[in-house]
Amino acid sequence: MTGSTIRTRTAALARTAFAALALFGAAAQAQAPLVVGASVAQTGAHADLGAEYARGLELWRDQVNAAGGLLGRPVELRILDDGSDASRVRALYARLVQEKADALIGPYGTAATLVAAAEAEAAQRVLINGAGWSRAVHNRSPRYVFQSAVPYAAYGAPVLELARDAGLKKAVILARDDPASTEMGAAASAEAKRLGVLAGEVQAFSGGIQDFVPLVRRLAAASPEAWIVYGEARDAAEIVKAFRKLNYAPKLLFVRGAADARLLDMLGQDAEYAMGAAPFHPRAAGAEAFVRAYEARWNRRPGVAAAEGYAAGTVLAEGVRRAGTSEPRALRGALGALQTATVLGPFKVDPATGEQVAAQPAVVQVVLGRYEVVAPPVRATAKAVLPYPAWEDRRLLK
């Protein structure tokens, strides 16, 4: 073998080795995890809801990784504990940014989300607002924050559309004196005007009210056909008790908190035909696969917080796929234009603010002792029973 032949073969081997190393490096880079960071309450007052939210995120991660990851990269979910304390959230998201998280998912609750959103915006890192429901999160038109949660502002449309479609022209709108209910009531008032339902000013009531009889008697005198109330399950129970005591029945009764299954324990059969609303209900059309997977993974039924976590992950994943990268500016552009389905309903945002404009809560009605989803139509499992029956027309259920 001549010296030139040896040199030729040596060069060829070197090129082959270099190509192999390059391929190995590319493969290693392709397998580098796509890190998704979040601060979620694991201790403190919101620990139970935080745990449920985290389980939804973990189910999403597991399903994505089982399908090959995102852009060929496994998803690594990095969750920090904020201890149910919004004042700790800023430092935790700063840490996630410093640790090079590719994208962020917001914490549980509006107060914590406000803080997280400010940090994400300052760092120019995309954050999916999975459980910050107030319009306040998006009031300053953030460029990197996108809401997958069902906002408080969406709680007016579905039930008022039901009322309009039933031919009801006059409603009374009440709201508990807390920020969430007040925001929902204001949105319902605007929606009533848009739909041509006469509702007047929103009537505020104290969260400490024990006896609704005087309030019901006063408002019933104006003969509203529909009662649209933004309050808790206890408020729903006390309003129904006042209706029964006064032998009064409007054509539609909606109290947001009536979606809480505890209403059945509080009222028994008197809960029949009351309507309520929640961002998610396990029996809603389109939720079946998520519910089955969650029950198989966690041996329990998913609640609202679990669905919110899962939906946040769904939106992020679809945004990454559409963008073809996790680079923040490209991902921001993809999310601003994205329309997709989630377990909370359709996702679409106002691209100028990142605020959710498509998803609506599931309106549910107690029928024969169980909840049926009656609106919006895309999520309904049954048709609403209207009018709300008079007390003398009701029969005991067997």
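Just the heavy atoms: all of them, side chains too, but no hydrogens, waters or symmetry mates, feed the values below.
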Would you check if there is a donor-acceptor pair between the side chains of [Y] and [X] at a distance under 3.5 Å?
X: H46; Y: D82; answer: no
X: E318; Y: T340; answer: no
X: E183; Y: S134; answer: yes
X: Q63; Y: Y310; answer: yes

CG/N299: more than 12 non-hydrogen atoms of other groups inside 6.0 Å: no
So, are [X] and [Y] salt-bridged, with charged N and O less than 4.0 Å apart?
X: K241; Y: E238; value: yes
X: E272; Y: R394; value: no
X: E99; Y: R78; value: yes
X: R143; Y: E121; value: yes
X: E161; Y: R194; value: yes

Are the aromatic ring centres of F243 and Y248 under 6.0 angstrom apart? yes
Test applied, side chain to side chain contact (heavy atoms under 4.5 Å, CB included); reference residue, R125; option that passes from V97, L96, V145: V97
Determine the sole option in L34, V126, L316, V35 for which the side chain to side chain contact (heavy atoms under 4.5 Å, CB included) test with S326 is passed. L34
Does R300 count as lying over the ring of W298, i.e. NZ or CZ under 6.0 Å from the six-ring centre, within 45 degrees of the axis? no
Check whether Y230 forms a cation-pi arrangement with R256 (NZ or CZ under 6.0 Å from the six-membered ring centre, at most 45° off the ring normal).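 Relative to the ring axis of Y230, which defines the angle, R256 lies outside at least one limit.
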What is the ring orientation for Y108 with W133, classed by angle as parallel under 30°, tilted 30 to 60°, or perpendicular over 60°?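 Y108 and W133: perpendicular rings.
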Y294 vs F290 aromatic rings, parallel, tilted or perpendicular, using cut-offs 30° and 60°? tilted
Test side-chain contact (heavy atoms from CB on, under 4.5 Å) applied to L174 - qualifying residues, sequence neighbours left out: V172, Q203, F205, L215, L219, W227, V229
